Amino acid sequence: MPFEKVLTQQVDFPALERAILELWQRNGTFEKLRQKNRNGPRWSFLDGPITANNPMGVHHAWGRTYKDAFQRYHAMNGRHLRYQNGFDCQGLWVEVEVERELKLRSKRDIENLVPGDTFQSIDRFVHYCKERVDKYARVQTEQSIRLGYWMDWDREEDWRKPPDQRRSYFTMSEENNYTIWAFLKKCHQRGLIYRGYDAMPWCPRCSVGLSQMEMAEGYQLVAHRAVFVRLPLRDRPGENLLVWTTTPWTLTSNVAAAVNPGLTYLKVRHKEEIYYLAKGAFTAQRLEEQWKKKEWVAGVPKLSTLEQHFKSKGGYEIVGSVRGADMIGWSYEGPFDELPEPSKSARTVHRVIAWKDVGETEGTGIVHIAPGCGKEDFQLGKEEGLPPVAPLDEYGVFLPGFGELAGRSALDHTTTDWILDNLQQKGLLLAVEKYPHSYPHCWRCKTELLFRLVEEWFIDMSWRDEIKRVVEQVTFLPESINGKARELDWLTNMGDWMISKKRFWGLALPIWVDEQTGDFEVIGSRAELKERAVEGWDKFEGHTPHRPWIDLVKIRNPKTGNRMSRIPDVGNPWLDAGIVPFSTMYYNRDRAEWAKWFPADFITESFPGQFRNWFYAILAMSTMMENRPPMKVLLGHGLVRDQWDRPMHKSAGNAIPFEGAADEGYTLTDPKGKTERYPPMGADVIRWMFARHNPAHNLDFGPAPAEELRAKFTLKLWNVYAFFCNYARLDGFDPSVLPLPMAERPDLDRWILSDLQLLVRTAREAFESYNLMAFCLEAERFVDDKLSNWYVRRSRRRFWKSEQSRDKQAAYQTLYTMLLTLAKLFAPIMPFLTETMYQNLKTTDMPESIHLCAYPTVDETLIDAELSEEMNCLLSLVSLGLAARNNVKIKVRQPLAELKVQASAESKEYAAVERFGDQLLAELNVKVVSLHDPEWGPLLMPEVKPNPKTLGPKFGARMKDIASALAAADAEELAMKVRAGDCVELTCGGEVILLEPGDLIVSMKAPEGWVGMVDGETQIALDTRLTEALSLEGTARDVVRHVQEQRKEASLEMEDRIALYLGTDSEKLRQAITTHRDYIAAETLTIEWSSQPLTGPGVHRATVKVDGQPLTIELRRSMAK
RNA sequence: GCGGGUAUAGCUCAGUUGGCUAGAGCGCAGCUCUGAUAAAGCUGAGGUCCUUGGUUCGAAUCCAAGUACCCGCACCA
């Protein structure tokens, strides 16, 4: 038997999916696909590496759905693919998790993992990092397989191999690391690698400097205590500069004060002192915009103006003014000159300097400058020859030389307390306030950043224009987010690339330094290092190029003969991910092969952040390596949020784990705090949900949208499939019989086959233009509206007929084609459901898996535009008819005599009724459909009534007069004007009044006994007069419905024949039953009528009400033939 | 501050190159169907397509300005 029976109740889709996974596994389907396409034209996809640091979440499934869908589509078109997944392995994110696992608090703890042995400690720590990456790479592999993501996944034996020999690529592989060396060497050869000494953003917890792109990730709105501090002028007794800062700890390292030479500064007398501050700053409404927009930190009061501060502290008087330029060179007393360290250098400086960037919308217009604690400060200090004071160590703790502050953390509140107290005691503190501002935090551990003087390594990005020219050649999708412009914007604004990290687990930067001279060299490959090594190679040999082993290798400075050591820094992880267009495509091993796959046809990732991260890194590195774009098309997509549009957070209880969504079910806490458990949705629904979404927008993911999708799409498709299989099975339909020619198929069949071709066209266009949404939305409409709700509904009776006819054959063949084609169309997006369907639909001469089939192509000969138009017209006629019935509350089950459709001979309505009259009869349950030529006069007459809503207020009591005047007026003329949007003049009580179109309600009225409906140009009228015969027929249909209901109650199979007894006291019921005895019998498969109540076993009895009258139904399965 | 985007029903969103009487789903209201049946369907209410100008025979769509929101960049003492 070709078709298995298909259940429609409580279908466990996740379980079906798991069965398909086993089927693929058992048959080696994926390998067969690769084998089939191995000589096909290439399609090159490049996977952006997923961070192998935690299990995958549902949000990862978005990109992975795209990746898999496009790969499967191209595979179905015979393309040869690499199927290489990528894992991102190195970097601080892994270190932070390993630290957490090992309960380590700081770099010091890591270096002391093996007490007293830094080398061993680092070795062990790096080992743990590698282990963590392997662990989660395996987890993510399993999860991805469950998602149905077909990649060349690593198997058990592969995990025992080193990363370089596995199927997926790992950024920790030697190949990847050494290819970055080659990149850095190229940079160095162009003189672009340099060592920078600068005040850098620094995370005191991780003890690491942050690059510009990392810093951008971590801005958060927080409130700090900001202070107004006076700095007494040395040669002007009783006079002070007033400065303001949000980071009081930096005052310890104050060296200078900057003014804008072009601004006017006020001399303000307050109590016994004179304060200098910028005129504009005095009254500036600080952060007013933010306050209004509520971009504020809860609990922080509105900021006072400087003027208000002075007023509240006892008043002020403006006693003069001075230009900023005239203040340059003034000397003042520093706020912490009594401390040993500041007293050494800063104390002798403390002068007013000029800085054109000083503004007066915030602060005092005089900026406290601490070159050791701020980026601009440092720059300014360099220009002015100011000595920087560096107060903090790598943990953000004050160094010795800062008195009581030594050993205290700059971030600690009590440290700020101490500083404020100290300033207060010295009488320097004018005011303290809470100040909300967006401040950088460590994007990994959320610690507030400090600025600290450090030495880091950079790539000079002055060649940005070269990258821009490469970017110009890439297609960025979706168009609406303007990715190319964003990327170019970043390239314009970005600074030099800080590539060093003072950490342990990562790319070993191949920079060797001669400590005595400061000379450095960049090594470009393992071979080069081996060649140059003068020490330590033997110990390093056999290890991956990671710390601590690589640090043992020393080279000689050819100029001085000095020994050169590798800098201890590791690399920025975006170098790791950025090199993959080379390292993973055989660039070093087989350049010819690389050229076949480079550039990638396609990449896709979530776009927030990536324009300065991965997209940037691959574009920049590819420009340096080959001056070519690494990909042709980039598709970005948004973020996944919960179904209430909130960000997903584990702590908020609204994050959905992948396993939960796929198989296990999950709990979810709604915005009101209620937690509920939900069943799994399965991979197909997850995938379709992502595929159908607009990639430019964030996606609200959760049980509600999943359920909606299941109901309106998955289940409908499934029900149609089940309907087909279950009847085809009973009927013994043979799909291999020669198909009937199109000419012999009814219009309904030719219509759906025609529209199917249009869907195939949409599908192909969508996949080729990377716009899955367009296809999915169209597919949903096709399945729901066209296939399920119209084609199958209208065709059902064709399948039920007991005799074999050509019409029945046509119906089976058409629906079979439909299901098979749709399954193939949807296969790239819903690989499981479509495979399940295919397995039950395929014949022996078809490929063993749907994923080994060819993607459908459009058969232009089947497209019939005229037919589609007429079918659409028919659908709107049906809608109108149903609306008309609804209007007069006559249910569809009640037959009516006649439907009139207004249609001229050349109208589409005419053609539709001609062609599909029988469908109209059946669907609207009328006896006759007739055409009404408008030339015979209007079918419906306009009727114009006053609109009391608008006229009431205007005319009050005169409404009645207006109504009667309207009734007397020419309705047709009025209606025409109203439709045209014109005003209407109405003579009412001898007076002409003007009515606006909205004041009148125009409806279309049918003749007595009829009900009319209008939709645009289309008009219909339905005869609502019930004759005795019609009424009896309606009753008979009610009886049938109840009998069917009872058959179901009695759990009969749908092909079972029955014996039936119907008992009633109602004359009308009796008459209806008698008159329509044959019809009832045919519908309910009654082959034995009983005039007496049934006896014996297996009798099902029920009493129902028909037309308000009791009817006894008794039935049992009939043994007669 | 600079740059970009968006604005369509109560909510979430579709709407091709200008060609509508502007749509869907959810929600709401009222119904209906019934061997695909623990599924489904229909009808209805609900719109200033953000505002104002312009281009055009015709604008949700194109242009300009404004408003609001979002994003990116720069973020300052």
Side-chain angles (χ1 to χ4, degrees), chain A residues 6 8-10 212 215-216 219 226 243-247 250 257-258 293 355 357-359 361-370 373-377 437-440 480-483 485-490 492-494 607-609 611-612 638 643-645 692-694 696-700 704-705 707-709 711-712 715-716 718-727 765 771 773-774 777-778 780-781 784-785 788-789 792-793 796 799-800 878-879 881-887 889 891-893 979 1014-1017 1040-1042 1044-1045 1047-1048 1052-1056 1083-1085:
Chain A
V6 178
T8 53
Q9 291 179 29
Q10 288 178 320
Q212 188 193 1
M215 196 166 87
Y219 274 91
V243 299
W244 175 79
T245 180
T246 54
T247 48
T250 62
K293 285 185 179 170
W355 185 20
D357 288 347
V358 174
T361 52
E362 187 46 271
T364 64
I366 304 176
V367 178
H368 132 70
I369 301 294
C373 307
K375 205 160 180 55
E376 289 80 11
D377 302 42
H437 61 162
S438 164
Y439 191 83
S480 69
I481 64 163
N482 231 321
R486 288 194 194 188
E487 192 62 65
L488 291 171
D489 186 49
W490 163 256
T492 304
N493 292 309
M494 68 178 185
F607 62 76
F611 293 107
R612 62 168 178 270
Q643 67 182 34
W644 302 280
D645 198 34
R692 76 189 293 275
H693 193 73
N694 185 339
H697 296 167
N698 291 337
L699 184 147
D700 295 348
E707 184 46 42
E708 189 183 326
L709 193 58
K712 86 170 178 198
L715 221 44
K716 289 239 175 96
W718 184 263
N719 281 339
V720 172
Y721 157 73
F723 172 84
F724 171 84
C725 291
N726 292 341
Y727 279 97
E765 284 169 1
N771 181 6
M773 175 175 85
L777 295 183
E778 191 59 39
E780 287 173 17
R781 279 191 286 270
D784 189 2
D785 299 353
S788 166
N789 196 26
V792 172
R793 212 149 78 90
R796 269 188 296 200
F799 294 92
W800 294 345
V878 168
S879 264
L882 291 172
R885 277 182 169 274
N886 204 42
N887 214 331
K889 303 273 176 234
K891 53 192 174 189
V892 179
R893 211 179 303 127
R979 281 203 203 102
V1014 187
D1015 179 34
E1017 298 299 304
V1040 167
R1041 188 178 84 83
H1042 281 110
Q1044 302 286 35
E1045 196 78 18
R1047 283 182 55 115
K1048 242 178 355 184
L1052 296 186
E1053 291 298 320
M1054 59 190 184
E1055 64 272 21
D1056 285 338
E1083 288 294 313
T1084 60
L1085 300 184

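Every chain is numbered from 1, with letters handed out A, B, ... down the list of sequences. If you're wondering where the values come from, they're calculated on a predicted model, not measured in any experiment. FYI, side chains are in, hydrogens and waters are out, and symmetry mates aren't considered; it's all heavy atoms of this structure.
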Pick the C1' atom in B/U17 and in B/G35, then give their distance to the nearest Å.
48 Å
Whole-Å P distance, B/C33 and B/C42
14 Å
Interatomic distance, A/N789 CG vs B/C33 P [rounded to whole Å]:
16 Å
Which atoms form the tightest heavy-atom contact between A/L1085 and A/D1056, and what is the distance?
CD1-O, 3.5 Å
Salt-bridge criterion met for A/K712 and A/D784 (N-O under 4.0 Å):
no
Using nucleotides 5-14 of chain B, report all nitrogen or oxygen pairs with the protein that are shorter than 3.5 Å.
residue: B/A14; atom: OP1; partner: A/N694; partner atom: ND2; Å: 2.5
residue: B/A14; atom: OP1; partner: A/H697; partner atom: ND1; Å: 3.3

Whole-Å C1' distance, B/C20 and B/C63:
23 Å
At less than 4.0 Å, is any side-chain N or O atom of A/R793 found next to OP1 or OP2 of B/A36? Yes or no.
no
Distance-minimising heavy-atom pair for A/E1083 and A/V1040
CB-CG1, 3.7 Å
Do you know which two heavy atoms are closest between A/F799 and A/Y727, and how far apart they sit?
O-CD2, 4.3 Å
From B/G35, B/A74, B/C76, nucleotide with atom closest to A/T361 side chain:
B/C76
From the list B/A77, B/A39, B/G25, which nucleotide is the closest neighbour of the side chain of A/T247?
B/A77
Whole-Å gap separating C1' (B/A24) and CD (A/E708)
10 Å
With a 4.5 Å limit on heavy-atom distance, are the side chains of A/I369 and A/E376 in contact?
no
Would you measure the distance from the P atom in B/C11 across to the matching atom in B/U67 and give it in whole Å?
24 Å
Suppose you measure atom P in B/A64 against the same atom in B/U55; what distance do you get, rounded to whole Å?
15 Å
Which residues satisfy the ring pair (Phe, Tyr, Trp, His ring centres under 6.0 Å) test with A/W355, sequence neighbours excluded?
none
At under 4.0 Å between heavy atoms, what does A/R1041 touch on the DNA or RNA strands: base, sugar-phosphate, or nothing?
base
Listed nucleotide nearest any side-chain atom of A/H437, set B/A39, B/G35, B/A77:
B/A77
Identify the nucleotide, in any strand shown, that forms a Watson-Crick or G-U wobble pair with B/G46, with both distances under 3.5 Å; if there is none, say none.
none
Just checking A/G359: base, sugar-phosphate only, or nothing, at a heavy-atom cut-off of under 4.0 Å?
base
Partner of B/A9 under the Watson-Crick or G-U wobble criteria, both distances under 3.5 Å, comes out as none
Measure the acute angle between the ring planes of A/H693 and A/H697, then classify it against the limits of 30° and 60° as parallel, tilted or perpendicular.
perpendicular
Closest non-hydrogen atom pair between A/R486 and A/I481, with its separation:
NE-O, 3.2 Å
Does B/G41 have its OP1 or OP2 closer than 4.0 Å to a side-chain nitrogen or oxygen of A/K716?
yes
B/G27 and B/A68: how far apart are their P atoms, nearest whole angstrom?
35 Å
Looking across every strand, which nucleic acid part, if any, lies under 4.0 Å from A/T1084 by heavy atom: base, sugar-phosphate, or nothing?
nothing
Polar pair under 3.5 Å, donor/acceptor by atom type, side chain A/T364, base B/A77:
no
Taking the nucleotide of RNA chain B with the nearest heavy atom to each, does A/A485 or A/D784 sit closer to the 5' end?
A/A485
Whole-Å gap separating P (B/G1) and CG (A/N493)
17 Å
How is A/W644 classified with respect to the nucleic acid when contacts are heavy atoms under 4.0 Å: base, sugar-phosphate, or nothing?
nothing
Rounded interatomic separation in angstrom, taking OH from A/Y721 and C1' from B/A39:
17 Å
Between CD of A/E778 and C1' of B/U16 the distance, given in whole Å, is 12 Å
Sequence neighbours excluded, which residues qualify as side chain to side chain contact (heavy atoms under 4.5 Å, CB included) partners of A/N493?
A/D489
Write down the partner of B/A64 under the Watson-Crick or G-U wobble criteria, each distance required to be under 3.5 Å.
B/U52
Report which part of the nucleic acid A/S438 touches: base, sugar-phosphate, or nothing (heavy-atom distance under 4.0 Å, all strands).
base
Look at all strands and tell whether A/Y727 reaches a base, only sugar-phosphate, or nothing, counting heavy atoms closer than 4.0 Å.
sugar-phosphate
Which part of the nucleic acid, if any, lies within reach of A/A711 when heavy atoms closer than 4.0 Å are counted: base, sugar-phosphate only, or nothing?
sugar-phosphate
Could you let me know what B/C2 is paired to, Watson-Crick or G-U wobble, both distances under 3.5 Å, or none if it's on its own?
B/G72
With heavy atoms under 4.0 Å as the rule, sort A/V358 into base, sugar-phosphate or nothing.
base
Rounded C1' spacing from B/C49 to B/A36 in Å:
39 Å
To the nearest 0.5 Å, what is the distance between NZ (A/K716) and CG (A/D785)?
7.5 Å
Return the value, rounded to whole Å, for the distance between atom CG of A/D489 and atom P of B/A74.
9 Å
N or O in side chain of A/Y219 less than 4.0 angstrom from B/C76 OP1/OP2
yes
To the nearest Å, give me how far apart CD (A/E487) and C1' (B/G4) are.
14 Å
How far, in whole Å, is B/A60 from B/A14 if one measures between their C1' atoms?
12 Å
Nearest whole Å is fine: how far is B/C26 P from A/E707 CD?
11 Å
